[in-house]
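Everything on this sheet refers to the single structure shown next.
This structure is a prediction, so every number in the text was calculated from the model and none was measured. Just so we're on the same page: letters track the sequence lines, and every chain starts at 1.
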Number of protein chains: 2
Amino acid sequence: MAYERIRLASLKDKVMPAEQAALLIKNGMVVGSSGFTKAGDSKAVLPAFAARAKRENLKITLMTGASLGHDTDGKLAEAGALSKRMPFQVDRTLRNKINAGEVLFIDQHLSESAELLHSKNLPPVDIAVIEVAFIDRDGSIVPTTSVGNSVTFAALAKQVILEINTAVSEDVYGIHDIYQAEDYPHRNVIPIVAPWNKIGRKTIPLDPSKVVGIVFTDMLDSPADIAVADSKTTAIAKHILNFFENEVLLGHLTDRLLPIQAGIGKVANAVLMGFKDSNFYDLTMFSEVLQDSTFDLIDAGKLSFASASSVTVSADCYQRVFGDLQKYREKFVLRPQNISNTPGLIRRLGIIAINTAIEFDLYGNVNSTHISGSNIMNGIGGSGDFARNAYLSIFVTQAASKENAISHVLPMVSHVDHTEHDVDILVTDVGLADLRGLAPRERAQKIIDNCVHPDYKEQLQSYFSRACERGGHTPHLLEEAFSWHLRLAEAGTMKK
Amino acid sequence: MAYERIRLASLKDKVMPAEQAALLIKNGMVVGSSGFTKAGDSKAVLPAFAARAKRENLKITLMTGASLGHDTDGKLAEAGALSKRMPFQVDRTLRNKINAGEVLFIDQHLSESAELLHSKNLPPVDIAVIEVAFIDRDGSIVPTTSVGNSVTFAALAKQVILEINTAVSEDVYGIHDIYQAEDYPHRNVIPIVAPWNKIGRKTIPLDPSKVVGIVFTDMLDSPADIAVADSKTTAIAKHILNFFENEVLLGHLTDRLLPIQAGIGKVANAVLMGFKDSNFYDLTMFSEVLQDSTFDLIDAGKLSFASASSVTVSADCYQRVFGDLQKYREKFVLRPQNISNTPGLIRRLGIIAINTAIEFDLYGNVNSTHISGSNIMNGIGGSGDFARNAYLSIFVTQAASKENAISHVLPMVSHVDHTEHDVDILVTDVGLADLRGLAPRERAQKIIDNCVHPDYKEQLQSYFSRACERGGHTPHLLEEAFSWHLRLAEAGTMKK
């Protein structure tokens with residue numbers, strides 16, 4: 001039964017246990033693996049390699065689409081198996097190793113990893129590990145719940161290990177749009193002009209002679225954690241929906257809006273769920289990850305089409321979507337992340353991008369990745385691909401946290417991922433600051449008036465006023481710019 | 001003779017003196033004006049308005065392509081005529097007013113201003129002032145030495161004033177490629193796949209009924225200042241050329257390289273001039289501004305084609321190019337800046353981007369705009385459009401200046417314009433740091449080893465080592481991060 005998923009007969013003798021396949025990964029190799037936000041990751045070979053690496057003291061460079069599920073990043077980190085990791089992660093154990101300097105991490109725009117490999121700006125991939133639903137007769141492969149960087153890994157890796165996941169229905173054939181842009185200097189246009197355009201093949205091309213191992217697995221993706229909306233996320237979502245409604249009133253947008261990109265997490269889910277009881281209709285998404293809310297909106301008749309690189313949903317939603325794929329297959333498509341996130345398409349389609357910040361500052365610079373300047377949390381992911389090129393770039397965060405000991409609106413962010421040039425709208429539970437057409441000093445006053453937590457309003461106004469007295473296009477007091485972070489470290493609160 | 005440049009007879013009665021045209025600009029208006037890096041700017045109406053504004057205490061919001069020549073920005077600023085200015089400037093008087101908080105400045109990616117206007121994310125343009133070579137029979141207009149944002153201003157402004165510059169030959173007809181992407185949500189692909197592709201019209205469409213005034217002028221653009229290469233710029237250029245040669249040896253690039261974008265100034269000129277005596281050939285440019293060096297390389301047979309939004313050259317070079325346009329007209333093209341700088345084309349063509357930094361830090365974050373965090377110098381210009389989307393993003397600066405009292409390589413930049421995600425190669429006169437494929441801690445050591453001035457090497461190594469002891473993905477000591485800037489302010493030197 002499982003062997004029927006190898007439709008190219010000559011590959012059937014490549015089947016082996018995961019432990020044997022893991023032996024093909026040698027010390028020092030660059031490994032490219034499927035997996036994007038827990039979806040479609042390696043469920044057998046990478047964990048088997050982690051166990052082996054621990055015993056044999058092996059280290060690899062691991063590239064993926066984005067984060068992995070099933071604690072695989074944690075297991076690899078724990079085993080000391082990672083010398084270098086890119087382009088994204090969300091694992092607590094791995095994060096600690098990165099911050100301790102034990103694992104080198106490259107935090108990359110998700111659209112760029114494949115570009116860097118194709119243009120030889122990164123070392124070549126020695127071996128790829130790719131989860132597939134089945135191998136087609138020509139040796140090409142059908143991915144599962146994500147595409148990520150698998151097209152590039154399949155094309156460029158010297159050797160390929162395939163994990164055929166029999167828990168994934170072969171019906172996923174056709175939900176992927178596989179397209180790889182030409183190498184420089186002969187790249188043509190990517191002919192997508194609407195989220196629902198399909199421009200590629202249904203399978204990922206693969207030279208069968210590169211396949212060195214095939215492993216069967218039978219395990220679903222790690223389910224998404226569905227965080228329940230709280231009063232803060234609900235408030236943020238409400239501010240954003242009110243803003244959209246007003247843009248429609250002003251004639252800037254129609255009730256269809258423009259294609260939406262939403263980052264991961266509860267704020268994005270809350271915003272999307274807010275559309276359910278709104279006047280908006282015929283909405284579309286052009287995003288990285290599709291979460292439960294996407295399928296809820298499809299069911300509610302509000303969302304017509306969603307394009308992304310992965311489906312990362314709860315266990316219930318997984319059954320709903322993949323158990324009845326006939327119902328949803330014309331409603332969404334999964335693309336390589338160098339297509340889902342590519343700057344040209346984001347600008348061409350006019351995306352409304354909603355992403356989460358860790359903190360933002362007086363002038364609208366955004367920190368998406370670092371705690372107090374040095375320690376990374378997750379990574380920039382695709383937020384930069386979208387924010388820079390979007391029609392509207394929106395960032396959200398809570399105004400304050402930890403019983404208001406931490407303000408997320410600050411004099412200066414301790415790390416910059418998105419500069420003020422790329423930030424149109426900032427939102428906290430307190431309110432929304434529309435920064436379009438404003439100069440830095442105007443942005444600052446708007447942010448103080450609309451976004452900062454009341455406990456910090458006077459303190460931030462004082463910083464701004466004293467900085468303005470000293471002057472400048474973007475007035476700052478460098479000796480005091482990080483005083484809030486330093487006070488938190490010393491006194492446990494940012495409050496004066 | 002001059003009237004023959006108005007080929008649509010019905011417009012001939014719109015001719016008026018500049019002072020009369022300046023009366024059409026009312027207090028509080030949003031004015032969109034031609035002009036990109038001194039080229040093709042308004043030479044009569046804006047200066048006349050400056051004089052009037054001073055007498056009558058008027059203020060406008062002024063948008064242009066980029067900077068203006070003939071001290072026009074200075075005159076307007078001096079007259080108190082500017083309430084808001086975007087997206088770029090280089091004028092000393094204006095800069096001082098901006099830093100004093102007297103003029104609000106919006107520092108914008110040069111590709112974005114037109115987008116923001118078309119998508120109504122900026123207030124509408126009340127009146128446009130556009131320099132043209134002539135008005136065609138259908139009322140469409142032929143720009144002069146730049147295109148900038150004039151296509152957008154002509155399309156969207158409620159009223160239009162034209163300055164017909166009789167000092168510019170009508171032979172410029174055909175050197176422009178005028179194309180405007182469709183508005184959302186119906187935008188199509190921009191069908192450029194090589195720098196030499198011409199996809200548009202030769203003239204800018206304009207509804208003649210919007211023309212409220214026509215003014216004749218007879219004055220050339222302000223010439224570019226040609227700074228003579230010094231030992232530092234020569235050293236930087238040599239490092240970059242050696243790097244390119246090595247990339248060819250490694251098989252990453254061919255002797256044709258990929259299309260080059262070069263920022264303004266003597267380093268860019270020095271790099272381009274370095275190609276003259278190299279093995280590189282059949283080079284192309286896809287840039288914002290064409291400087292003398294572009295035409296020198298064309299003359300030397302090294303450069304086959306150059307695409308940009310303006311020609312900003314010395315007086316000698318101006319005569320050479322525009323006095324013999326037949327020789328050069330197939331060798332270059334001028335485009336709207338939302339085409340020359342658009343992210344999708346920069347990624348599609350695989351640009352090699354070379355831009356100038358004011359300072360960069362240990363991890364490769366770049367400050368292109370601010371002095372000590374608060375005071376703006378010029379603006380980000382197109383550097384962000386290119387750096388983010390380029391095949392290779394290179395930033396250059398001198399290692400130290402002011403008798404080495406200032407290090408341009410620092411623990412932390414005082415303002416971030418380009419994050420480490422967007423910076424591949426850093427170069428100072430000391431050396432070149434190839435940061436591709438490196439994690440932050442590796443980047444830091446490479447920058448210390450290769451780029452920092454010897455006087456600051458130990459000091460920077462000490463900061464990095466102590467920060468690493470405390471830990472982090474991007475180790476910093478927040479209490480000390482700006483100590484170099486603060487020491488400079490207090491003691492006149494960054495040296496400990």
Side-chain angles (χ1 to χ4, degrees), chain A residues 84 98-101 104-109 119-123 184-185 187-189 191 193 252 258 342-344 347-348 350 365 370 372-376 380 384 388-389 391 414-417 419 421 424 436-437 439 441-442 467-468 470-476 478-479 481-482 485-486, chain B residues 84 98-101 104-109 119-123 184-185 187-189 191 193 252 258 342-344 347-348 350 365 370 372-376 380 384 388-389 391 414-417 419 421 424 436-437 439 441-442 467-468 470-476 478-479 481-482 485-486:
Chain A
K84 198 171 267 188
I98 291 167
N99 287 325
L104 293 164
F105 177 57
I106 305 184
D107 183 22
Q108 253 162 8
H109 298 302
S119 60
K120 298 171 186 152
N121 284 321
L122 280 177
Y184 299 128
R187 182 171 294 186
N188 214 320
V189 299
V193 297
H252 295 168
L258 282 166
T342 198
R347 184 158 291 186
R348 186 186 301 157
N365 298 287
H370 281 65
S372 287
S374 300
N375 289 316
I376 198 155
I380 194 167
R388 168 70 58 91
N389 301 296
Y391 160 85
S414 60
H415 179 92
V416 178
D417 290 295
T419 71
H421 309 96
D424 297 316
R436 294 173 297 171
R441 290 180 188 222
E442 295 174 297
C468 284
R470 205 181 289 172
H473 171 56
T474 309
H476 266 302
L478 286 188
E479 71 280 14
F482 294 138
H485 297 92
L486 293 168
Chain B
K84 199 170 266 188
I98 291 168
N99 287 326
L104 293 164
F105 176 57
I106 305 184
D107 182 23
Q108 252 161 9
H109 299 303
S119 60
K120 298 170 187 156
N121 283 321
L122 281 177
Y184 300 128
R187 180 170 297 185
N188 214 321
V189 299
V193 296
H252 296 169
L258 281 166
T342 197
R347 184 159 292 187
R348 188 186 298 157
N365 298 287
H370 281 65
S372 287
S374 301
N375 290 316
I376 199 156
I380 193 167
R388 168 69 59 88
N389 302 297
Y391 160 86
S414 60
H415 180 92
V416 178
D417 290 296
T419 70
H421 309 95
D424 297 316
R436 293 174 296 172
R441 290 181 188 220
E442 295 174 298
C468 283
R470 203 181 289 172
H473 172 57
T474 310
H476 266 302
L478 286 188
E479 70 280 13
F482 294 138
H485 297 94
L486 293 169

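Between the CD atom of A:Glu442 and the CG atom of B:Leu104 there is a distance of 4.5 Å, given to the nearest 0.5 Å. Note that CD1 of B:Ile106 and CZ of A:Arg436 are 12.0 Å apart. Values are rounded to the nearest 0.5 Å.
Contact of A:Leu122 with chain B is made through the side chain alone, with heavy-atom distances under 4.5 Å. Looking at A:Pro475, the atoms closer than 4.5 Å to chain B (heavy atoms on both sides) all sit in the backbone: N, CA, C or O. The contact between A:Leu486 and chain B is made entirely by side chain atoms (from C-beta outward), counting heavy-atom distances below 4.5 Å. The parts of A:His421 that come within reach of chain B are both its backbone and its side chain, each placing non-hydrogen atoms under 4.5 angstrom from that chain. With a 4.5 Å cut-off on non-hydrogen atoms, A:Ala467 does not touch chain B at all.
Using a 30° and 60° split on the angle between ring planes, A:Phe105 and B:His473 fall in the tilted class, from 30° to 60°.
Of all heavy-atom pairs between B:Ser414 and A:Leu478, the closest is CB-CD1, 4.2 Å. Across every non-hydrogen atom of A:Asn389 and B:Pro343, the tightest pair is OD1-CG, 3.1 Å. What you find for B:Ser374 and A:Gly471 is that their closest heavy atoms are CB-O, 3.7 Å.
Counting heavy-atom pairs closer than 4.5 Å to chain B, the top-ranked of the candidates A:Val189, A:Asn188, A:Val193 is A:Val189. Most heavy-atom pairs under 4.5 Å with chain B: of the set A:Ser119, A:Ala481, A:Pro191, A:Cys468, this distinction falls to A:Ser119. Between chain B and the options A:His476, A:Arg348, A:His370, heavy-atom pairs under 4.5 Å are most frequent for A:Arg348. In terms of heavy-atom pairs under 4.5 angstrom with chain B, the leader among A:Thr342, A:Ile376, A:Leu258 is A:Ile376. Contact count against chain B (heavy-atom pairs under 4.5 Å) is highest for A:Lys84 among A:Lys84, A:His485, A:Gln108. Comparing B:His252, B:Arg187, B:Lys120, B:Arg347 by heavy-atom pairs within less than 4.5 Å of chain A, the highest count is held by B:Arg347. When B:Glu479, B:Arg441, B:Arg388 are compared by the number of non-hydrogen pairs under 4.5 Å with chain A, B:Arg388 comes out ahead.
A side-chain donor-acceptor contact under 3.5 Å links A:Asn121 to the backbone of B:Tyr391.
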